[in-house]
There are 2 protein chains.
Amino acid sequence: MFSLSEENYLKAIFHLQKHSTAGVSTNALAEEMQTKASSVTDMVKKLSDKKLVVYKKYQGVYLSESGRKTALKIIRKHRLWEVFLVEKLNFSWDEVHDVAEELEHIKSEKLISELDKFLDYPKRDPHGDPIPDAQGDFQVANKTLLSDLSTGEKGTLVGVKDTSSEFLKYLDKNKIALGKTIEVMDQEKFDGSMLIQIEKNRLRVSTQVTANIYIKI
Amino acid sequence: MFSLSEENYLKAIFHLQKHSTAGVSTNALAEEMQTKASSVTDMVKKLSDKKLVVYKKYQGVYLSESGRKTALKIIRKHRLWEVFLVEKLNFSWDEVHDVAEELEHIKSEKLISELDKFLDYPKRDPHGDPIPDAQGDFQVANKTLLSDLSTGEKGTLVGVKDTSSEFLKYLDKNKIALGKTIEVMDQEKFDGSMLIQIEKNRLRVSTQVTANIYIKI
DNA sequence: ATTTAAATTTAGACAAAACTAAAAATAATT
DNA sequence: AATTATTTTTAGTTTTGTCTAAATTTAAAT
Ligand SMILES: [Mn+2]
Ligand SMILES: [Mn+2]
Ligand SMILES: [Mn+2]
Ligand SMILES: [Mn+2]
């Protein structure tokens with residue numbers, strides 16, 4: 001149907017457009033895709049010809065309905081494969097991303113519907129991100145960044161914003177994991193760092209950490 | 001490491017060189033790869049530059065030791081994925097090939113070693129073909145084509161030569177499956193067709209069938 | 001309102017992997 | 001041995017996705 005490159009662009013546009021209502025800029029896409037702006041312009045034109053995006057020169061790019069659907073299909077596959085790798089193949093959550101980046105492009109409806117069934121229809125991937133169903137629907141959880149909580153508030157860790165291997169390994173080392181209860185014990189005004197209670201442990205974490213952890217109150 | 005196309009060529013050369021000790025001809029490779037002879041020449045030169053094959057103009061192509069190793073790695077992945085699809089995702093043996101053709105190119109050592117473990121180190125794929133281990137070693141079963149058996153001889157069905165969906169569906173329809181015992185009851189001299197007893201069933205099969213079934217006596 | 005800076009697009013080139021058409025080498029026939 | 005047929009290679013294009021360098025447009029700063 002679509003090339004590897006086209007699929008990756010659609011996914012990147014999807015992720016970038018979440019942050020604002022404006023069109024996705026050429027430079028932002030180039031950064032996300034690790035390529036040059038000129039290459040982005042070329043590809044965006046092609047996607048526009050295929051009616052996957054809406055694009056006007058210098059105005060940024062928007063996903064069309066069919067582009068959005070295609071992006072969600074790839075995201076669904078990516079996240080299902082991540083679940084498979086963690087649940088069945090003993091991968092840890094910091095190891096799955098690159099492999100899922102490849103697996104998400106395998107073309108087979110049956111493969112993905114059977115995988116979904118095999119995994120017992122998971123609702124979230126190992127990083128807490130929602131898995132769209134076959135129709136592209138998914139529930140957006142009402143979650144808050146840990147950095148937005150005040151002293152005394154508590155909730156459950158339901159997701160991470162930064163999914164880099166480095167950050168995830170830091171969390172592992174400090175026994176910070178999905179599903180655990182976190183309470184803000186104190187916040188330092190100077191640098192915004194927090195003292196948090198996470199189950200039996202109590203530790204101080206920087207804003208780089210608190211701004212990348214999602215809490216459900 | 002290697003491109004999709006390079007990997008597919010190596011695999012094709014591996015499969016073609018099994019049949020004879022001579023080099024694999026350009027035309028044979030073109031046929032196998034569903035492409036033109038001129039494209040094959042180009043690619044073979046590239047593989048030769050990378051020391052994956054030994055190639056002299058007009059003399060056919062041979063896999064080098066490193067080319068052979070690479071081919072076996074891909075075949076290992078292909079067959080492990082086929083087992084996964086059949087054993088875990090309810091695919092039938094005639095549905096797995098195309099998907100495995102894509103999955104075999106996913107690059108991750110851990111993925112494949114964990115998949116191997118998850119499947120409990122299978123020795124053969126759903127078509128009876130041996131699965132090389134991580135070192136590329138595998139046992140070649142001593143098997144005979146059903147067409148080479150004589151009346152009265154019997155053995156176990158251990159593999160199929162033709163793995164096309166059409167042939168496999170024919171076998172399913174007639175309850176001919178891996179592991180079953182087959183006995184040759186009679187052979188028609190005119191067209192070579194055989195009357196075979198397979199467990200409870202008795203049926204007549206053509207040479208197109210008998211020449212594509214492997215038996216272990 | 002100009003000027004300067006930043007973002008974006010165009011023009012031209014390149015590598016990978018394919019193709020067609022023509023040339024060259026090898027194999028098969030007379 | 002000479003001719004013909006087949007196989008294989010070369011030469012020249014094409015497509016996809018990328019790049020650099022230059023031109024253009026938009027945004028920011030005097
Ligand atoms: Mn991921
Ligand atoms: Mn994820
Ligand atoms: Mn196969
Ligand atoms: Mn097989």
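All chains are named by letter (A, B, ...) in the order of the sequence lines, taking the proteins before the strands, and each is independently numbered beginning at 1. Keep in mind that what you see is a predicted model, and the values were worked out from it rather than measured.
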Side chain of Met43(A) (C-beta onward), nearest among dT18(D), dT8(C), dT9(C): dT18(D)
Nearest-nucleotide pick for Tyr58(A), side chain only, options being dT20(C), dT25(D), dT10(C): dT25(D)
Integer-rounded Å distance: [N] [atom2] and [X] [atom1]:
{"X": "Glu31(B)", "N": "dT7(D)", "atom1": "CD", "atom2": "P", "value": "12 Å"}
{"X": "Gln34(A)", "N": "dC19(D)", "atom1": "CD", "atom2": "P", "value": "10 Å"}
{"X": "Lys57(A)", "N": "dA23(D)", "atom1": "NZ", "atom2": "P", "value": "16 Å"}
{"X": "Asp42(B)", "N": "dT13(D)", "atom1": "CG", "atom2": "P", "value": "15 Å"}
{"X": "Met1(A)", "N": "dT16(D)", "atom1": "CE", "atom2": "P", "value": "16 Å"}
{"X": "Leu47(B)", "N": "dA16(C)", "atom1": "CG", "atom2": "P", "value": "12 Å"}
{"X": "Lys50(B)", "N": "dA16(C)", "atom1": "NZ", "atom2": "P", "value": "8 Å"}

Looking at [X], I'd like to know whether one of its side-chain N or O atoms comes within less than 4.0 Å of OP1 or OP2 on [N].
{"X": "Ser39(B)", "N": "dC19(C)", "answer": "yes"}
{"X": "Lys36(B)", "N": "dA21(C)", "answer": "no"}
{"X": "Ser3(A)", "N": "dT16(D)", "answer": "no"}
{"X": "Lys45(B)", "N": "dT10(D)", "answer": "yes"}
{"X": "Tyr9(A)", "N": "dT16(D)", "answer": "no"}
{"X": "Thr41(B)", "N": "dT9(D)", "answer": "yes"}
{"X": "Asn27(A)", "N": "dA6(C)", "answer": "no"}

Smallest separation among heavy atoms of Ala211(A) and Leu145(A), with atom names: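 Nearest heavy atoms, Ala211(A) then Leu145(A): O-CD2, 3.4 Å.
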Glu114(A) side, atom CD; Leu80(A) side, atom CG - distance, nearest 0.5 Å: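 One gets 12.5 Å once the value is rounded to the nearest 0.5 Å.
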Sugar-phosphate, base or nothing in reach of Ser38(A), heavy atoms under 4.0 Å: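 Base contact.
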Salt-bridge criterion met for Glu7(A) and Lys77(A) (N-O under 4.0 Å):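 A salt bridge is absent here (no side-chain N lies under 4.0 Å from a carboxylate O).
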Residue of the set Arg204(A), Glu188(A), Gln187(A), Gln208(A) for which side-chain hydrogen bond (donor to acceptor under 3.5 Å, both in side chains) holds with Ser193(A):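 Testing Ser193(A) for a side-chain hydrogen bond (donor to acceptor under 3.5 Å, both in side chains) against Arg204(A), Glu188(A), Gln187(A), Gln208(A) leaves exactly one candidate, Arg204(A).
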Check: dT16(D) base within 3.5 Å donor-acceptor of Ser5(A) side chain: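 Answer no: no donor N or O sits under 3.5 Å from an acceptor.
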Lys143(B), NZ: over 12 other non-hydrogen atoms inside 6.0 angstrom: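 Yes, the 6.0 Å shell around NZ holds more than 12 heavy atoms from other groups.
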Gln59(A) vs Met33(A), nearer the 5' end of DNA chain D by closest nucleotide: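 Nearest nucleotide further toward 5': that of Met33(A).
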